[in-house]
Amino acid sequence: MISEKMVNAINEQINKELYSAYLYMSMQAWFADESLDGMANWMDAQAQEELFHAKKFFNFLIERGARVILKAIDCPQVDFDTPLQIFQMSLEHERFVTSSINSLMDLAIKENDHATRSFLQWFIDEQVEEEASVDSIVSMLKRVGEHGHGIMMIDRELKSRTFVPENEE
Ligand SMILES: [Fe+2]
Ligand SMILES: [Fe+2]
């Protein structure tokens with residue numbers, strides 16, 4: 001049996017994942033408006049990944065016989081300054097999500113909920129990758145600074161990212 005406390009915490013996490021998608025879509029819209037199509041594409045893939053995370057939690061609750069409760073999604077920030085500021089903000093956001101998933105794991109351990117622990121392990125590993133990929137973009141952007149040419153090169157590189165969902169049984 002999954003506890004009510006665990007179910008509530010996972011429902012909160014579904015909201016956080018949906019908000020993440022919303023935030024990255026807002027960043028995508030800003031990049032598209034700035035004609036930085038590669039960065040817009042990267043954010044599009046990022047948003048799709050967050051929707052996939054939300055669905056993964058969603059399906060897990062249903063599988064455990066628990067009730068999914070969807071809540072209002074906060075309005076994301078609309079205006080941004082620079083690509084560097086956006087990717088730094090993304091990194092901070094991913095760190096926030098990591099700490100949230102760590103708290104879920106703490107709760108699952110405390111409750112001896114082995115099924116939830118096993119399920120959450122995928123997210124623990126995923127967050128390591130997520131932080132590392134955003135961190136590398138932040139480093140690249142810091143290196144090129146305000147250089148238009150460097151920004152364009154990074155933009156071209158980020159054009160190739162596509163979202164491929166893993167196979168779910
Ligand atoms: Fe996520
Ligand atoms: Fe993420």
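One-based numbering, in listed order, for ligands and for the atoms of each. Side chains are part of it too, since the values below use all heavy atoms of this structure and drop only hydrogens, waters and symmetry mates.
- For Glu92, there are no salt bridge (charged side-chain N to carboxylate O under 4.0 Å, His left out) partners, not counting sequence neighbours.
- Cation-pi contact between Lys55 and Phe58: present, with separation from the ring centre below 6.0 Å and deviation from the ring axis of at most 45°.
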Acceptor/donor pairs from residues 140-148 side chains to any protein atom, 3.5 angstrom cut, sequence neighbours excluded:
none

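- Taking the six-membered ring where the residue is Trp, Phe87 and Trp42 present perpendicular rings, their angle passing 60° and hence far from 30°.
- A salt bridge is defined here as a Lys NZ or Arg NE, NH1 or NH2 lying under 4.0 Å from an Asp or Glu carboxylate O, and Lys56 with Glu17 fails to meet this definition.
- Near the Fe ion (ligand 2), less than 2.8 Å away, sit the protein N, O or S atoms Glu50 OE2, Glu94 OE1, Glu94 OE2, Glu130 OE1.
- For Arg161, the salt bridge (charged side-chain N to carboxylate O under 4.0 Å, His left out) test picks out Glu49, with sequence neighbours left out.
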